[in-house]
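Numbers here simply count residues along the sequence, with the first being 1. Read the numbers this way: they start at 1 and go in the same order the structure lists the ligands and their atoms.
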Amino acid sequence: MTQDELKKAVGWAALEYVQPGTIVGVGTGSTAAHFIDALGSIKHQIEGAVSSSDASTARLKSLGIQVFDLNEVDALSIYVDGADEINPQMQMIKGGGAALTREKIIAAVADKFICIADQSKQVDVLGKFPLPVEVIPMARAFVARELVKLGGLPEYRQNVLTDNGNIILDVHNLQILEPIALEKAINALPGVVTVGLFASRGADVALIGTASGVKTIDN
Ligand SMILES: O=C(CO)[C@H](O)[C@H](O)COP(=O)(O)O
């Protein structure tokens with residue numbers, strides 16, 4: 001199976017967690033895009049979605065799924081999204097698609113985070129994938145210097161502005177042995193909007209696409 005077929009398999013498998021009549025939290029990226037397509041097949045059974053990016057909003061709307069502003073929604077039973085890396089503790093690196101801040105906000109509202117990923121995203125220790133950090137543009141150089149003090153090698157993601165109008169620093173050279181502590185330390189830097197480390201609030205369920213089928217890990 002190709003990597004995209006594995007992504008499609010987990011995207012469709014996540015439908016099992018969608019409760020009829022609810023609003024669904026929807027992530028961003030190529031795996032989440034498969035989930036959106038799957039959601040389109042049951043669009044008359046759900047009330048709608050809350051979206052983590054302009055790209056996902058456009059895809060949801062193109063399928064006739066109503067997109068709600070998060071401020072209109074009191075609760076979400078699930079948030080479904082991909083990941084760049086996931087460890088055995090269900091902590092993740094996210095933000096390869098630059099949507100980390102909205103993703104983290106919606107994940108915080110949802111009762112359950114369903115992570116959908118192909119098996120290449122499973123790691124023992126987070127950090128091989130460069131850790132994305134969303135930063136207010138004027139703080140770019142300062143935050144980069146502080147990230148070096150934390151042991152990383154930040155790289156400015158050229159020609160990318162987030163949906164919130166900020167820049168991304170991708171931090172290389174990290175072996176993240178204490179994800180919760182690093183998440184707190186980076187989030188505490190003035191100018192940082194969000195770090196793409198989902199450690200204190202990780203996934204509750206992971207659907208992993210493998211050659212022998214979709215594997216479910218339930219915390
Ligand atoms: O965090 C994300 C976007 O900000 C994505 O979930 C992550 O980059 C995985 O992407 P893909 O499903 O395309 O492999």
Chemist: Is Ala32 in polar range of ligand 1, meaning some N or O pair under 3.5 Å apart?
Modeler: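 Between Ala32 and ligand 1 (N or O atoms, distance only) the closest approach is not under 3.5 Å.
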
Chemist: If you have a sec, work out which protein heavy atom is nearest atom 7 (C) of ligand 1 and how many Å separate them, to one decimal?
Modeler: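 Minimum-distance protein heavy atom for atom 7 (C) of ligand 1 reads Asp84 OD1, 3.2 Å.
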
Chemist: Using a cut-off of 6.0 Å, state whether more than 12 heavy atoms not belonging to Asp69 lie near its atom CG.
Modeler: yes

Chemist: Specify the closest pair of heavy atoms between Ile208 and Val10, including all atoms of both residues, with the distance to one decimal.
Modeler: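 Answer, listing the atom of Ile208 first, then Val10: C-CG1, 3.7 Å.
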
Chemist: I'd like to check whether Gly29 has a polar contact with ligand 1, where a contact means an N/O of the residue lying under 3.5 Å from an N/O of the ligand.
Modeler: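 No.
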
Chemist: When you measure from atom 5 (C) of ligand 1 to every protein heavy atom, which one gives the shortest distance, and what is it?
Modeler: Thr28 O, 3.2 Å

Chemist: Can you tell me which residue pairs pass the side-chain hydrogen bond (donor to acceptor under 3.5 Å, both in side chains) test with a partner in residues 168-178, sequence neighbours excluded?
Modeler: Glu155-His172, Arg157-Asp170

Chemist: Ignoring hydrogens and angles, state whether a donor on the side chain of Thr216 or Asp218 is under 3.5 Å from an acceptor on the partner side chain.
Modeler: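 No, because no side-chain N or O of Thr216 sits under 3.5 Å from a partner of the opposite role on Asp218.
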
Chemist: Is a donor from one side chain sitting under 3.5 angstrom from an acceptor on the other, for Thr194 and Lys104?
Modeler: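 Their side chains do not contain a donor-acceptor pair, so the 3.5 Å distance test is not met.
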
Chemist: Which ligand 1 atoms does Gly95 reach within 4.0 Å, using its non-hydrogen atoms?
Modeler: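 Those of ligand 1 that fall under 4.0 Å from Gly95 are 1 (O), 2 (C), 4 (O).
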
Chemist: Run the numbers for me: atoms of ligand 1, each under 4.0 Å from some heavy atom of Lys121, listed by number.
Modeler: 9 (C), 11 (P), 14 (O)

Chemist: Under 4.0 Å from a heavy atom of Ala99: which atoms of ligand 1 are those, numbered in the order shown and with their elements?
Modeler: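 Numbered from 1, ligand 1 contributes 4 (O).
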
Chemist: Is ligand 1 under 4.0 Å from a heavy atom in the side chain of Pro132, in the backbone, in both, or in neither?
Modeler: neither

Chemist: Distance-only, no hydrogens or angles: does the Glu85 side chain make a donor-acceptor pair with backbone N or O of Val123 under 3.5 Å?
Modeler: no

Chemist: Output the distance between atom OG (Ser30) and atom CG (Asp4), rounded to the nearest 0.5 Å.
Modeler: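 One gets 6.5 Å once the value is rounded to the nearest 0.5 Å.
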
Chemist: Report the part of Ser53 in contact with ligand 1, treating N, CA, C, O as backbone and CB onward as side chain, heavy atoms under 4.0 Å; options are side chain, backbone, both, neither.
Modeler: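 The answer is neither; Ser53 stays 4.0 Å or more away.
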
Chemist: Judged on heavy-atom distance to atom 11 (P) of ligand 1, which of Ser30, Gly97, Gly82 sits nearest?
Modeler: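 Answer by nearest heavy atom: Ser30.
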
Chemist: List every atom of ligand 1 that sits less than 4.0 Å from any heavy atom of Lys7, numbering the atoms from 1 in the order shown and giving each element.
Modeler: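 Those qualifying, in numeric order: 11 (P), 13 (O), 14 (O).
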
Chemist: Quick test of your reading of the structure: of Glu103, Gln3, Glu134, Lys94, whose heavy atom lies closest to atom 3 (C) of ligand 1?
Modeler: Glu103

Chemist: Measure from the side-chain N and O atoms of Asp81 to the backbone N and O of Ala32, and report whether any donor-acceptor pair falls under 3.5 Å.
Modeler: no

Chemist: Starting from atom 12 (O) of ligand 1, which protein heavy atom do you reach first, and at what distance in Å?
Modeler: Thr31 OG1, 2.6 Å

Chemist: Less than 4.0 Å is my threshold; does some heavy atom of Gly27 fall inside it relative to ligand 1?
Modeler: no

Chemist: Donor-acceptor pairs are to be reported for all side-chain atoms of residues 131-149 against protein atoms at under 3.5 Å, with residues two or more places apart or in another chain.
Modeler:
from   : atom 1 : to     : atom 2 : distance (Å)
Glu134 : OE1    : Thr101 : OG1    : 2.6
Glu134 : OE2    : Thr162 : OG1    : 2.7
Glu134 : OE2    : Asn164 : ND2    : 3.1
Glu134 : OE2    : Asn166 : ND2    : 2.9
Glu146 : OE2    : Lys149 : NZ     : 2.9

Chemist: Taking only Lys NZ, Arg NE, NH1 and NH2, and the carboxylate oxygens of Asp or Glu, determine whether Arg102 and Asp54 approach each other closer than 4.0 Å.
Modeler: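 A salt bridge links Arg102 with Asp54.
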
Chemist: Mark up the atoms of ligand 1 that fall under 4.0 Å of a heavy atom belonging to Ala98, in ascending order.
Modeler: 4 (O)

